[in-house]
Amino acid sequence: MSSTPSLIAIGNDSLRESFGKALSALADEFPKVVVLDADLAGGTGVHHFRKSHPERLLQFGIAEQNMMAAAGGLAATGLVPVVTTFAVFCLRAIEQARLSLAYARRNAKIVASHPGLDVGPDGGSAQALEDLAAFRAIPGMTVISPADPIEMAKATRAMLEFEGPVYMRTGRSPARRVFNDDHVFEIGKGQIVRDGSDLTIVACGVELARALDAAEELEKENISARVVNMATIKPIDGALLKRCAEETGAFVTAEDHNIYGGLGSAVAESLAASHPCPIEFVGVKDVFGASGEPEELAEQFGLTGPHIARAARAVLERKRKA
Amino acid sequence: MVLTLRSINEDPARASSHALETELAQAAAFVRKHSIASIYHAGSGHPGGAMSSADILACLYGAELNLWPDSIEDPNRDRFVLSKGHAAPALYAVGARYGFCDAKSALRLRKLNSPFQGHPHVLDLPWVETSTGSLGQGVSVAVGMAMGLKLQGLSARVYTLLGDGELQEGEVWEAAMCAAHHGLDNLCIIIDYNKLQSDNRNSEIMRLEPLAAKWRAFDFGIAEIDGHDIPEILKTFRRASVTQGRPSVIIAHTIKGKGVKYMENIPTWHGSVKFTRQQAEDALQSLGATRSEIKELLDV
């Protein structure tokens with residue numbers, strides 16, 4: 001269990017900025033890393049890397065398919081390519097990621113900024129709500145969605161230390177701080193960030209902070225909610241989920257993604273095989289997003305702390321009846 | 001022993017361009033015959049493009065590429081990417097000819113648990129360099145390789161063979177723009193321009209002309225050649241290898257089904273086909289195979 005049971009502060013750093021700074025800071029330690037950009041360095045956070053290591057920032061122009069497959073070629077020569085663009089444009093190049101990166105088992109990293117409703121005003125066309133599902137379905141692809149700037153920095157290191165293809169989500173908007181500097185990130189491992197006994201809320205990305213809001217709210221009603229940070233969607237931490245199922249017997253999952261195919265589905269698949277119990281899914285309910293500020297969208301599409309708390313009450317009702 | 005540029009270099013007494021050209025012609029014939037045989041045994045596969053690219057592949061593996069079976073992990077080896085992955089039978093056959101794989105094993109094309117899949121897979125056969133089979137991707141991978149080699153100060157070159165129908169993929173032109181922008185003079189794109197694609201002529205499906213003008217507009221060094229003329233192919237590779245500051249493209253005019261009389265220029269033989277025994281025998285005979293050779297290839 002982490003030493004940080006609740007929110008620390010609302011920082012100004014977005015996950016993308018945290019990623020960009022971390023990548024720049026790690027560049028000398030990982031000399032084989034090259035960063036691929038499709039004219040979005042200012043948006044993905046890699047402008048930091050461009051400033052510190054301009055000779056290792058490879059410009060591909062607005063042509064994501066070529067960039068994604070070229071990453072396979074760069075990796076084949078022994079470099080470690082980090083492909084950066086928006087999450088929706090990763091979807092555009094997913095077949096390149098499938099064949100030229102995953103099928104060829106290249107040590108290449110895809111870092112996707114601007115996922116989910118967190119994109120905000122750009123609207124529905126720009127809000128990737130399908131990326132976790134799509135990349136999770138590619139054999140051998142590791143899928144990560146860190147929750148806060150501290151975890152993002154640690155996940156960036158872990159991703160570079162890891163051998164194999166990785167898809168990692170960052171985020172556009174200023175992200176709330178959840179973790180202290182002593183947070184330990186390990187690919188494939190979830191953590192209980194707040195203990196509880198009545199149910200378990202499993203969250204990733206920006207939804208972790210909202211899950212902690214929900215736990216606070218539920219505590220006032222004498223409901224003890226455990227909160228698990230599941231930053232690695234694939235491979236999912238099945239052992240932790242099984243333990244939580246045995247100890248709490250009910251789940252809510254929360255993600256800034258379609259309820260189909262992402263974290264909720266991964267949790268359900270795992271529990272179905274280990275310890276079936278009631279689950280409620282908080283996420284975008286199989287519709288596209290829209291323009292608005294991220295918090296307004298979270299409210300309208302049902303992703304806030306109170307929505308998670310509502311799902312928690314519903315799942316407890318099912319647990320009682322079961 | 002198969003004569004190659006390396007064996008010529010090692011033994012200058014054998015250095016005769018005529019001898020090399022004769023060997024490459026034999027290698028191309030070997031590629032064609034083995035492709036027909038493997039497609040016959042598989043019961044499916046694309047013979048037309050294998051026939052049209054055989055001379056180019058023989059010139060690459062037999063002469064141009066600085067690549068040997070004992071150097072497939074050498075960082076400074078030349079790379080070849082078969083972007084038109086459906087010509088895999090020809091790639092396997094040329095690999096067999098030059099010692100990268102076993103010829104008899106390569107006849108187990110498309111079979112369960114065979115490393116010789118319908119399209120090349122680098123985890124099955126490391127010497128194929130990357131996995132292809134989705135048109136347009138191989139050329140991007142080759143661009144990435146060429147960039148990676150330059151970034152690391154390596155002088156190796158990268159060659160990639162594209163089909164003409166493949167040029168309808170937008171990714172090819174993304175890759176072309178990128179290669180020219182980055183001045184990848186270590187990259188040589190070869191187009192197997194046999195004018196036919198799966199369903200019909202290119203000109204009917206989606207026209208490619210004016211093709212040379214397109215590549216010129218993308219700022220490539222261009223050569224247009226007869227893709228079955230071995231001396232011309234070799235000469236053009238030499239010229240491409242000294243081009244500086246920009247990538248090269250070789251538009252190789254070829255004949256789909258080349259060497260098999262009943263197949264030449266007939267689109268039906270592009271797509272995946274199932275040969276009857278008679279068709280396979282006729283094809284091999286057309287390619288100059290002897291009776292015993294035919295028996296050996298088809299009765300394994």
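Letters A, B, ... are given to chains in the order of the sequence lines, protein chains preceding strands, and every chain is numbered from 1.
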Between Lys21(A) and Asp13(A), is the closest basic N to carboxylate O distance under 4.0 Å? yes

For Ala175(B), is it the side chain, the backbone, both, or neither that has a heavy atom closer than 4.5 Å to a heavy atom of chain A? both

With respect to Tyr92(B), which candidate in Phe116(B), Tyr98(B), Tyr61(B) satisfies the ring pair (Phe, Tyr, Trp, His ring centres under 6.0 Å) definition? Phe116(B)

The interface call for Leu154(B) against chain A, heavy-atom contacts under 4.5 Å, is neither

Could you check which of Met177(B), Met147(B), His121(B), Met145(B) has the highest count of heavy-atom pairs closer than 4.5 Å to chain A? His121(B)

Which portion of Arg106(A) sits near chain B, non-hydrogen atoms under 4.5 angstrom: side chain

Above 12 or not: heavy atoms from other molecules or residues under 6.0 Å from OH of Tyr260(A)? no

Heavy-atom pairs under 4.5 Å with chain A: which of His181(B), Gln137(B), Glu171(B), His182(B) has the most? Gln137(B)

Please look at Glu95(A) and chain B and tell me whether the side chain, the backbone, both or neither of the residue comes under 4.5 angstrom of a heavy atom of that chain. both

So that I can tick it off, tell me whether Lys214(B) and Glu209(B) are bridged by a salt bridge, with the cut-off set at under 4.0 angstrom between side-chain N and carboxylate O. no

Pairs of heavy atoms under 4.5 Å with chain A: top-ranked of Val139(B), Leu149(B), Val81(B), Leu123(B): Leu123(B)

Note: Asp118(A)-Arg172(A) ion pair, threshold 4.0 Å (strictly below): no

Heavy-atom distances under 4.5 Å only: say whether Leu36(A) touches chain B with side chain, backbone, both or neither. neither

Side chain, backbone, both or neither: which part of Gln152(B) has a heavy atom under 4.5 Å from chain A? side chain

Pair Trp173(B) + Trp215(B): ring centers closer than 6.0 Å: yes

